[in-house]
Amino acid sequence: MNTENITKLAKIVENSKKIVFFGGAGVSTESGLKDYRSKDGIYNTYNKYGISPEEILSIDFFNENPKIFYQFYREFFLHNVKPNKAHIALAKLENSDKKVTVVTQNVDNLHQLAGSTNVLELHGTAEKYYCTNCGKSYTKEYIADKSKDIPYCTGCNDGIVRPVVTLYGEMLDDFVTERAIRAIWEADLLIIGGTSLTVYPAASFINYFNGPHLVVINKERTASDSRADLVFHDSIGEVLDAVCKKLEI
């Protein structure tokens, strides 16, 4: 890790008033979760059903094959893991005198568990569930019960319970999208972390950034590396933790 660039990033953070962290699956891999598109990711290693994960995680597949959907979903989206250094560092920054907005493509709730409160979840959350028929709310614990191959609603006894997650074939939430774009537009520092910037439309949101400082933290190259002030091909947690230590927060 380049200590000179850590010092530069700490200085940028210190002088920034509105910071947006735009994060992807790579933020959570340091907590033990799989990402999607790396060589060891879900999309490249999972062949159990002979169906692509993109198809399994689509709204059409959920409606037609909820049993298989939940077999897959329970294996990859219901882990009990803890926030890592990246989540904790961002929460520390928010608790300092900085306005920090986390715009995340993840659905794992780890930013909130670390203490961040200004979190915009572009693809929803795996913490909340509801009946597709009557709208009754459910917890993750109800879904985790594998004795229910298909989690039906106990209220209306008819609807299937689904996660508050944006599946393939569904539109992003307009309210969350508008808030994310506005935060990126108004930011004077945008940190992109743990994302290959290949998932659209979410990845296109960074094009709204018009501020003075863009930083990329990702182990692999991204399309935004060439326009960034600083690029770290390192651990997100280690980089952000080092910045917090430099700032003594």
Side-chain angles (χ1 to χ4, degrees), residues 16-28 33 35-37 42-43 53-63 69 73 76-77 86-87 90-91 93-94 98-130 132 135 137 140 162-218 222-224 227-228 236:
S16 298
K17 295 182 179 179
K18 291 184 178 180
I19 301 169
V20 170
F21 179 83
F22 184 93
V27 179
S28 297
L33 295 178
D35 65 5
Y36 297 95
R37 290 172 174 80
I42 295 171
Y43 287 0
E54 291 97 330
E55 183 176 350
I56 294 175
L57 293 173
S58 70
I59 183 59
D60 288 341
F61 192 89
F62 172 82
N63 289 332
F69 173 91
Y73 183 86
F76 289 107
F77 292 90
H87 303 106
L90 289 166
L93 284 176
E94 184 184 324
K98 305 297 177 185
K99 181 178 180 180
V100 179
T101 302
V102 173
V103 180
T104 180
Q105 299 175 79
N106 299 330
V107 298
D108 50 40
N109 200 50
L110 291 177
H111 286 291
Q112 293 91 328
L113 288 176
S116 291
T117 59
N118 193 17
V119 181
L120 300 176
E121 298 170 305
L122 294 177
H123 297 146
T125 175
E127 288 294 304
K128 299 177 181 178
Y129 300 81
Y130 66 94
T132 55
S137 297
K140 184 167 65 175
R162 64 157 290 175
V164 182
V165 170
T166 303
L167 302 176
Y168 285 99
E170 294 185 308
M171 300 292 289
L172 299 183
D173 182 274
D174 287 340
F175 179 69
V176 175
T177 296
E178 290 171 5
R179 289 181 63 196
I181 290 174
R182 176 174 291 277
I184 291 170
W185 175 266
E186 294 178 346
D188 46 15
L189 168 59
L190 173 62
I191 302 174
I192 299 171
T195 174
S196 57
L197 298 175
T198 58
V199 178
Y200 285 82
S204 66
F205 293 173
I206 66 170
N207 295 326
Y208 289 93
F209 179 63
N210 198 38
H213 298 295
L214 174 64
V215 175
V216 174
I217 311 172
N218 197 58
T222 77
S224 291
R227 56 182 283 215
I236 303 167

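This chain uses plain numbering: 1 for the first residue, then up along the sequence.
In this structure, NE2 in H213 is found 10.5 Å from CD1 in I19, a value given to the nearest 0.5 Å. Atom CZ of F62 and atom CZ of F69 lie 6.0 Å apart (nearest 0.5 Å). To the nearest 0.5 Å, the span separating CD on E127 from CG on N109 amounts to 4.0 Å. N207 contributes atom CG, which lies 7.5 Å from atom OG of S224 (distance to the nearest 0.5 angstrom).
The local environment of NZ in K140 is crowded, with over 12 non-hydrogen atoms from other residues, nucleotides or ligands closer than 6.0 Å. Residue K128 places its NZ atom among 12 or fewer non-hydrogen atoms of other residues, nucleotides or ligands, all under 6.0 Å distant.
Summarising the geometry of F61 relative to I56, their closest heavy-atom pair is CD2-O, 3.5 Å, with the distance given to 0.1 Å. Contact record, L167 with E170: N-OE1, 2.8 Å, taken as the closest heavy-atom pair. Closest non-hydrogen pair, S16 versus L189, comes out as OG-CB, 3.5 Å. A114 and A91 make their closest contact through O-CB, 3.4 Å (heavy atoms, listed as atom of the first residue, atom of the second, distance). The minimum heavy-atom distance linking T222 with V216 is given by the pair OG1-CG1, 3.9 Å. When all heavy atoms of P163 and Y73 are compared, the closest pair comes out as CB-OH, 3.4 Å.
Of the possible polar contacts, none joining the N63 side chain to the D60 backbone as a donor-acceptor pair under 3.5 Å is found. Side chain of D108 to backbone of L110: a donor-acceptor contact under 3.5 angstrom is found.
Listed by chain and number, the residues in a side-chain hydrogen bond (donor to acceptor under 3.5 Å, both in side chains) with E178 amount to none (sequence neighbours excluded). By the salt bridge (Lys or Arg N to Asp or Glu O under 4.0 Å) test, R182 pairs with E186, sequence neighbours left out. Under the side-chain hydrogen bond (donor to acceptor under 3.5 Å, both in side chains) criterion, H111 pairs with no residue at all, not counting sequence neighbours.
Two residues are said to be in side-chain contact when any heavy atoms from C-beta on lie closer than 4.5 Å; T177 and I181 meet this criterion. Put simply, the side chain of I217 reaches to within 4.5 Å of the side chain of I191, judged on heavy atoms. In this structure the side chain of D173 never reaches within 4.5 angstrom of the side chain of T166, judged on heavy atoms. Between E55 and Y168 there is no side-chain heavy-atom pair separated by less than 4.5 Å. The shortest distance between side-chain heavy atoms of F77 and L57 falls below 4.5 Å. Counting only heavy atoms from C-beta outward, the side chains of F205 and V20 never approach each other to under 4.5 Å. With a 4.5 Å cut-off on side-chain heavy atoms, S28 and H87 count as touching. Counting only heavy atoms from C-beta outward, the side chains of R227 and L214 approach each other to under 4.5 Å.
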Notebook entry, point to check: Which is it for N218 and I192 under the side chain to side chain contact (heavy atoms under 4.5 Å, CB included) test, yes or no, and what are the steps along the way?
Noted result: CA-CA 8 Å; N218 197 58; I192 299 171; over 6 Å; no

Checklist line | L122 vs T104, side chain to side chain contact (heavy atoms under 4.5 Å, CB included): CA-CA, chis, key distance, verdict | finding: CA-CA 6 Å; L122 294 177; T104 180; over 6 Å; no

Next item on the list: Decide side chain to side chain contact (heavy atoms under 4.5 Å, CB included) for F22 and L120; before the verdict, give the C-alpha distance in whole Å, the side-chain angles of both, and the deciding distance to 0.1 Å.
Entry: CA-CA 10 Å; F22 184 93; L120 300 176; over 6 Å; no

Notebook entry, point to check: Where do K17 and D188 land on the side chain to side chain contact (heavy atoms under 4.5 Å, CB included) test, with the steps shown first?
Noted result: CA-CA 7 Å; K17 295 182 179 179; D188 46 15; 3.9 Å; yes

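A donor-acceptor contact closer than 3.5 angstrom is absent between the side chains of Q112 and T117. There is a side-chain donor-acceptor pair under 3.5 Å between N118 and T101.
Between K18 and E94 there is no salt bridge, since no side-chain N of the basic residue sits under 4.0 Å from a carboxylate O of the acidic one.
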